[in-house]
Amino acid sequence: MRPVIRSLPSPPKEYVIGFPRLDGGLNNWELDYRLDADESPEMKNLWWQDGALCSRDGQVRLTGENLGVGYSAYERLFWDNGFFHIGDKLMYAPLTDPNAASGSLTLTELLGGIPENRGSWFRYGDSLYYKNRGGYFCIKYDGESFSAGDVETYSPITLINTEPTTAAGDMYQPENRLNPQKTVWYSTVSGVKEYHLPVQDVDSIDRVVVDEAELVAGTDYTADLAKGTVTFTTEPTHHNPVVVNSVRITYTKANEDAYNSIMDCPYAVVYGGNQNLCVVVGGCTAQPNAYFWCGNHVVMDPGYFPMTQYNLAGATEEKITGFGKQQNMLVIFKEHSVGRSSMNTTEMASGRILLTMDYVNINSEVGCDLPWSIRLVSNNLVFANTRQGVHRISDSSAAFENNIVSISRKVDNSLLPLLRKAESVTSFDDGDRYWLVADGEVYAWDYSLSVANDPSWFYFDNIHAADFITSEAEEHYHLGTDGSVTVFRRVFADYG
């Protein structure tokens, strides 16, 4: 009898399980049941790395602890060394071995007597500069060793073709806010021994040169500081044919307000359109909304801040809190607003070229009261404030007020209380993430896997950083608030 198959066996059941990428990060703004599948209402010391949610890098301390208050560090290496402001000293150390053992790094003092407040580092020419409130320092390397000292200031030639009896001449270079010394060039007049300076009550006559020969005070000339005159023992030679500018008098007359307007600035940036021509500083106490820039058409020198080269960024009661560069614009941050400037040239009737930097407002409602939160992230500036959290400048045009957008809404419930009470706030861009660090706690936006209108934020703790350094090999270090130097490594514990 042949068997009869009345029904076929059921096919095997297939089950498909989907695993969310879990790269949406932290979200404590939405209710739990409204979160996307890749977000979490709570996470700590995790990030999305190598296609998985895993532990962040651990920390290895390379120096001892409690070396002094750590204020700031230059963000890159300068001749294979990291540079730090710790306590009242500028210090440096080689950061060329990413596998250095814990405690093996030795910091070398470069310069003492540094005012104890945080400032700005920048490169200009072949040198490294540090500008903080009350200090302005230059670090040089001669191929064998480093040296540091106060920035050498430029002594300008203020007048040329000057008539000796009236001190009337052609303006050549404006006075330098940083240097009280200036020089006047005179053309001789027959029968005249007494030469008048353009001012009275000068502090000193420093140098007198006639026909390229330096004269001796008391023997070749006498000076009346109150009247602002120099009287020659022998009348300077009146040449035929006429030789102009053969008498040159260098004098000093201090202007403390002008000097302090630069020295009191903690914020500095190198800017100049597409060429980075000059140093711009701001944030002084006496003129909180003023910004100043160095150099002129004759001399581009970071130690020369002409009296004429400054501008005001809007209302005087709102102080400048930092600078950033986006495209070819200089972005000027204030406590409750943001503006921009660009460098232009203006030719005067005398033929002199003036460097001008006019101010244009970008946004009147959003500002930055956390100066060290400013970073350029993927060609757009990111910054934070204690009122509204972290923002991104999408466009530096003044055409729209919505060119600055908030990107931290997902974490503002925990971030804003932290920022408002924090004693130390800094920031860092590791190439994939923007870190905002406040009193050892970090909120990091991973911009490599998320966009600004839907950012992925991650939270870390136990990172007591004052500032960060990235080496040429993309190793990341930080200067601790206790003056120690730490490196991040792919280990799963801090200081283990």
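Side-chain atoms are counted along with the backbone in the values below, which use heavy atoms only and exclude waters and symmetry mates. All figures in this text were calculated on a predicted structure; none of them were measured in a lab.
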Stepwise, does the side chain to side chain donor-acceptor pair (under 3.5 Å) test hold for Tyr251 with Asp203? CA-CA 8 Å; Tyr251 69 96; Asp203 299 328; over 6 Å; no
[atom1]/[X]: more than 12 non-hydrogen atoms of other groups inside 6.0 Å:
X	atom1	result
Asp142	CG	yes
Tyr310	OH	no
Glu109	CD	yes
Asp201	CG	yes
Tyr359	OH	yes
Glu214	CD	yes

Checking the side chain of [X] only, and the main-chain atoms of [Y] only, is there a donor and an acceptor separated by less than 3.5 Å?
X	Y	answer
Ser204	Asp206	no
Asp439	Glu423	yes
Arg420	Thr386	yes
Asp467	Ala73	yes
Gln287	Ala290	no
Lys182	Pro180	yes
Ser450	Pro455	no

Run the numbers on Tyr459 and Tyr443 for ring-ring contact (aromatic ring centres under 6.0 Å, His included), then give the verdict. CA-CA 5 Å; Tyr459 171 77; Tyr443 284 83; 5.1 Å; yes
Parallel, tilted or perpendicular: which fits the ring planes of [X] and [Y], with parallel below 30° and perpendicular above 60°?
X	Y	answer
Tyr154	Tyr304	tilted
Phe428	Trp435	perpendicular
Tyr136	Phe122	tilted
His391	Phe383	parallel
Trp47	Phe460	perpendicular

Do the ring centers of Tyr74 and Phe84 come within less than 6.0 Å of each other?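 No; Phe84 has its ring centre 6.0 Å or more from that of Tyr74.
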Would [X] and [Y] pass as an ion pair if we require N to O under 4.0 Å?
X	Y	value
Glu365	Arg387	no
Asp430	Arg433	yes
Arg76	Glu475	no
Asp264	Arg133	yes

Take Thr470 and His476, measure what side chain to side chain donor-acceptor pair (under 3.5 Å) needs, and give me the verdict at the end. CA-CA 5 Å; Thr470 300; His476 305 303; 3.2 Å; yes
Taking the side chain as C-beta and beyond, is there a heavy-atom pair between [X] and [Y] under 4.5 Å?
X	Y	answer
Ile139	Tyr92	no
Arg177	Met307	yes
Ile463	Arg56	yes
Leu419	Leu370	yes
Lys89	Leu111	no
Leu159	Met171	yes
Ser373	Leu436	yes
Gln326	Ile393	yes

Measure across [X] and [Y] and return the closest heavy-atom pair with its distance rounded to 0.1 Å.
X	Y	result
Ser364	Ser337	CA-CB, 4.0 Å
Leu355	Trp293	O-NE1, 3.1 Å
Gln181	Pro156	O-CD, 3.4 Å
Thr63	Ser484	OG1-CA, 3.3 Å
Gly82	Leu77	N-CD2, 3.9 Å

Stepwise ring-ring contact (aromatic ring centres under 6.0 Å, His included) check, Tyr141 with Trp79: CA-CA 8 Å; Tyr141 182 66; Trp79 292 102; 4.9 Å; yes
Determine whether Ser408 and Asp412 satisfy the following criterion, side chain to side chain donor-acceptor pair (under 3.5 Å), listing intermediate values before the conclusion. CA-CA 6 Å; Ser408 61; Asp412 276 345; 2.7 Å; yes
Have a look at Phe78 and tell me which of Trp121, Phe83, Tyr129 forms a ring-ring contact (aromatic ring centres under 6.0 Å, His included) with it.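 It is Phe83, the one option of Trp121, Phe83, Tyr129 that forms the ring-ring contact (aromatic ring centres under 6.0 Å, His included) with Phe78.
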Sequence neighbours excluded, which residues qualify as side chain to side chain donor-acceptor pair (under 3.5 Å) partners of Ser120?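 Not a single residue meets the side chain to side chain donor-acceptor pair (under 3.5 Å) criterion with Ser120.
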Nearest 0.5 Å please: distance from the [atom1] atom of [X] over to the [atom2] atom of [Y].
X	Y	atom1	atom2	result
Ile205	Tyr195	CD1	OH	14.0 Å
Arg409	Leu415	CZ	CG	14.5 Å
Lys325	Leu330	NZ	CG	8.5 Å
Arg375	Ser427	CZ	OG	4.0 Å
Asn179	Ile262	CG	CD1	12.5 Å
Lys334	Asn289	NZ	CG	6.5 Å

Might you work through the side chain to side chain donor-acceptor pair (under 3.5 Å) test for Thr158 and Gln173, ending with a clear yes or no? CA-CA 5 Å; Thr158 55; Gln173 296 174 325; over 6 Å; no
Could you go through Tyr130 and His85, starting from their C-alpha distance and side-chain angles, then the distance that decides it, and tell me whether this counts as ring-ring contact (aromatic ring centres under 6.0 Å, His included)? CA-CA 9 Å; Tyr130 184 59; His85 177 193; 5.3 Å; yes
Would you check if there is a donor-acceptor pair between the side chains of Asn161 and Asn245 at a distance under 3.5 Å?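 A donor-acceptor contact under 3.5 Å links the two side chains.
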From CA spacing to verdict: ring-ring contact (aromatic ring centres under 6.0 Å, His included), Phe323, Tyr267: CA-CA 7 Å; Phe323 300 103; Tyr267 313 119; 7.2 Å; no
Identified side-chain hydrogen bond (donor to acceptor under 3.5 Å, both in side chains) partner of Tyr447 from the options Asn380, Asp432, Asp429: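 Of all the options given, the one that passes is Asp429.
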